[in-house]
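So the structure is just underneath, and the comments pick up after that.
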Number of protein chains: 2
Amino acid sequence: MKEIKSKIRIKDIAVLAGVSEGTVDRVLHQRGDVSAKSLEAVNKVLEEINYMPNLMARSLASKKHYRFVCLFPAHQPTDYWQSINDGFNMAADEFLHHNVQIEKKYFNQFDAQTFIATSNEILETKPDAVFIAPIFRNETLQFTSKLVELQIPFSYIDSMIEETDFVTYYGQHSFQSGYIAAKLLLHSGCANNKILIIRTQRKGAMSNQTLNRNSGFMQYINDNGLAEKLELINVEFKDDDEMANLEVLREVFATHTTIKAAITFNSKAYRLAMHLETLKKLDVQLIGYDLLEQNVDYLKKGMIAYLIAQRPEKQAYCTVRDMCKELIFKQKVSTINYVPIDVLMKENIDYYSRFKE
Amino acid sequence: MKEIKSKIRIKDIAVLAGVSEGTVDRVLHQRGDVSAKSLEAVNKVLEEINYMPNLMARSLASKKHYRFVCLFPAHQPTDYWQSINDGFNMAADEFLHHNVQIEKKYFNQFDAQTFIATSNEILETKPDAVFIAPIFRNETLQFTSKLVELQIPFSYIDSMIEETDFVTYYGQHSFQSGYIAAKLLLHSGCANNKILIIRTQRKGAMSNQTLNRNSGFMQYINDNGLAEKLELINVEFKDDDEMANLEVLREVFATHTTIKAAITFNSKAYRLAMHLETLKKLDVQLIGYDLLEQNVDYLKKGMIAYLIAQRPEKQAYCTVRDMCKELIFKQKVSTINYVPIDVLMKENIDYYSRFKE
DNA sequence: TTCAAATCCGTGTTCGCACACAGAAAAATT
DNA sequence: AATTTTTCTGTGTGCGAACACGGATTTGAA
């Protein structure tokens, strides 16, 4: 159990095994040209000690260079994707001296053609690895099949396509996070009176994440026999017309006077909060996703009761780090990695945001 | 704003400034013996580019060795302190190749004499830095004053003594975590009927952390005008006699039939959960601190409603890392660092525990 | 037996940095 | 002007690992 921690070098192994450094190196890297005798001697020593190569010396000496390309949506500085961007930057800093170069490519998340175009550009440059936000399922499948052909490893970020052969996925279990959202919103034991729920969603195809959160939310309601007691009101927000959204809400509240709770399954809870503030509906419990600046502002103000967060920077960072582990350090990494479902409220948001680890 | 990320070496700076590598090195490390002309030339180049030394090459070349000593309570593998231990081990692994050696020293947290004895032992070995869990205030003050004398930097872990001159502190804002505990336990809008609260505490001096959590808890009650509506029942648990504890509880429940919630401010919520299970009091909302295995088990079973966690491994890890930054890499670190107040329930505990980043 | 091919393995160089040391240049002293 | 002293600076070595190179040994075929 007790592993002694001391620096063992190739030179030490060589002495212990009675061979030269070069031979130890050949054994370690399975480069062949080693006699059975030497091989056995070295392996014996390796079994006894726990050799941990000095990764710093290794990448210093290594002449190999790696180019990793990230493919994800173009965004504004306050968007969710900015956090992903930040995580990639963190990784870029850290692995720069390990001869890793990180390149970012963006596509328009409302236009599949831009995804295709950009992914083709990427293919032409023959990167050593690719990180993909698979917003467009079919287009992503096309892309990854070409990557497989070219033997370029890739990882998913944000969501994944299970049947493809990716290296890692870091993301939240959306279903479960929807379940938790429902619990937080509805678990006050006093559900004897009707509670109404608003759901806002972008028109057209909802993203996988959003759909799964919704399913989890409904599951909680069913699990707790709340389907009868609750009335769910679906409101569709327009992406570009907040005046219209406000009017829709005004109408909803005119016809339904006992609305006590509201939720959005995308990251735009602040829009709902904004309108509720305008309408002076301060007693509506609101829950949303992701720590956009505007969401956080409304959380601190008390207009949003809970935000569910998922450490997007960590997701991006870990994705890059694991690719380095796999490709450069030859360490095994686990494929599917769910990140914590963090529950934030105005009382703990500050400590959470400030802690950048 | 846009900092170009490319590898700039001392050699490059030397060429740009028209001097030799040695001179650049002398400027960078302020070792003197540089003519005004050369100094200016090098500084000019340094201002223009953003030189980031290759830390890996640096510690490879460096012959300096560092010995960091950790001083914290001896513990069982299931204790809270084990997580701190784990965090120190993680750091030990990571910084081993930066010529950092980490030594752990334990004291008996119920016996100040062992703290004094061990701290004296540490002083004799003249370490390069010390990490202290300041369980005993006066004894810690004595220790740190000697450290200051010997110019040995030190950091606090778990709690801190503000007026001393420490490098970092990583820990939770206990007051706020108590406040949140109260909110989670009591915020169900339906507080019209009386809710009773049990608090268990070890006899004798409660730790600072525990006291602050308690204060935060009371603050929430006052802030929300619940003082009148609630009755707080204090129960003192014995550390070594669970049979007695059970009997005390049995009596309490006999006299107070409407107990709806319970809390412990230390990390031993599982003891309370265990007894509540025995007494078949399954409708009591229980909240506790820290992810001990046993706590997590009861959380998953549903006997504990919430656990508040504080990433102790991260605390220990960051403490070591920051000391390296300060001492070895000459980077500035921030002194007081509050970690997130994580809210765990049976629905998100799995993703949290499995995520080891 | 001879010789080429296959197999085996030690040496030397490289990476970016720190630091020692020698020795050049400048300044101060005869 | 010749010297000593002081100030300054370039070169060289080593850190640990990777890998190319080529010399040494073994094997197999002729």
Side-chain angles (χ1 to χ4, degrees), chain A residues 6-43 45-46 49 51-66 95-101 324 327-331, chain B residues 5-43 45-46 49-66 95-101 327-330:
Chain A
S6 56
K7 287 200 261 186
I8 297 166
R9 299 158 303 171
I10 285 192
K11 194 184 289 186
D12 302 321
I13 300 175
V15 172
L16 286 172
V19 297
S20 81
E21 296 178 48
T23 303
V24 176
D25 184 74
R26 272 183 286 271
V27 173
L28 285 173
H29 294 83
Q30 301 170 57
R31 291 198 272 125
D33 294 345
V34 178
S35 67
K37 207 175 75 183
S38 302
L39 184 77
E40 197 193 353
V42 173
N43 275 330
V45 174
L46 284 178
I49 59 155
Y51 174 62
M52 288 183 40
N54 187 331
L55 297 181
M56 309 187 306
R58 186 203 296 246
S59 47
L60 231 204
S62 168
K63 289 166 197 5
K64 275 187 201 137
H65 278 247
Y66 299 87
F95 295 107
L96 172 64
H97 290 302
H98 287 281
N99 306 319
V100 174
Q101 184 191 346
C324 291
L327 246 52
I328 307 178
F329 308 138
K330 314 288 181 200
Q331 297 170 6
Chain B
K5 247 159 241 153
S6 57
K7 287 201 256 187
I8 297 166
R9 301 158 300 174
I10 283 189
K11 193 185 288 184
D12 301 320
I13 299 174
V15 172
L16 286 172
V19 297
S20 79
E21 295 180 51
T23 303
V24 176
D25 182 74
R26 272 182 286 272
V27 173
L28 284 173
H29 294 83
Q30 301 167 56
R31 290 199 268 125
D33 293 344
V34 178
S35 67
K37 204 176 76 182
S38 302
L39 183 76
E40 197 192 354
V42 173
N43 273 330
V45 174
L46 284 178
I49 61 159
N50 177 26
Y51 174 61
M52 287 184 37
N54 187 331
L55 297 181
M56 306 186 309
R58 174 187 297 203
S59 47
L60 233 202
S62 169
K63 290 167 197 2
K64 277 187 201 132
H65 277 248
Y66 298 88
F95 296 106
L96 172 64
H97 290 302
H98 287 282
N99 307 317
V100 174
Q101 184 191 345
L327 245 53
I328 307 178
F329 309 137
K330 314 289 181 199

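All chains are named by letter (A, B, ...) in the order of the sequence lines, taking the proteins before the strands, and each is independently numbered beginning at 1.
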Rounded distance (Å) that lies between atom [atom2] of [N] and atom [atom1] of [X]:
{"X": "B/Lys37", "N": "C/dA27", "atom1": "NZ", "atom2": "P", "result": "11 Å"}
{"X": "B/Leu96", "N": "D/dG16", "atom1": "CG", "atom2": "P", "result": "12 Å"}
{"X": "B/His98", "N": "D/dG16", "atom1": "NE2", "atom2": "P", "result": "14 Å"}
{"X": "A/Arg26", "N": "D/dA20", "atom1": "CZ", "atom2": "P", "result": "11 Å"}

### Task
Please test A/Arg9 against A/Asp12 for side-chain contact (heavy atoms from CB on, under 4.5 Å), starting from the C-alpha separation and ending with a verdict.
CA-CA 5 Å; A/Arg9 299 158 303 171; A/Asp12 302 321; 2.8 Å; yes

First locate atom [atom1] of [X], then atom [atom2] of [Y], and finally report the distance between them rounded to the nearest 0.5 Å.
{"X": "B/Leu28", "Y": "B/Leu46", "atom1": "CG", "atom2": "CG", "result": "5.5 Å"}
{"X": "B/Leu327", "Y": "B/Tyr66", "atom1": "CG", "atom2": "OH", "result": "6.0 Å"}
{"X": "A/Gln30", "Y": "A/Leu39", "atom1": "CD", "atom2": "CG", "result": "9.5 Å"}

With 3.5 Å as the limit, what N/O pairs link the protein to nucleotides 12-18 of chain C?
unit_1 : atom_1 : unit_2  : atom_2 : d
C/dC15 : O2     : A/Leu60 : O      : 3.3
C/dC15 : O2     : A/Ala61 : N      : 3.3
C/dG16 : OP2    : B/Arg9  : NH1    : 3.0
C/dG16 : N2     : B/Ala57 : O      : 3.2
C/dC17 : OP1    : B/Tyr51 : OH     : 2.8
C/dC17 : OP1    : B/Asn54 : N      : 3.1
C/dC17 : OP2    : B/Ile10 : N      : 2.7
C/dA18 : OP1    : B/His29 : NE2    : 3.0
C/dA18 : OP1    : B/Arg58 : NE     : 3.0
C/dA18 : OP2    : B/Asp25 : OD1    : 3.2

### Message
Regarding B/Ser38, tell me which of base, sugar-phosphate or nothing describes its non-hydrogen contacts under 4.0 Å with the strands shown.
### Response
sugar-phosphate

### Query
Run the side-chain contact (heavy atoms from CB on, under 4.5 Å) check on B/Met56 and A/Ser59 step by step: do they pass?
CA-CA 9 Å; B/Met56 306 186 309; A/Ser59 47; 3.5 Å; yes

### Query
Do A/Ile328 and A/Leu55 come close enough that some side-chain heavy atom pair is under 4.5 Å?
no

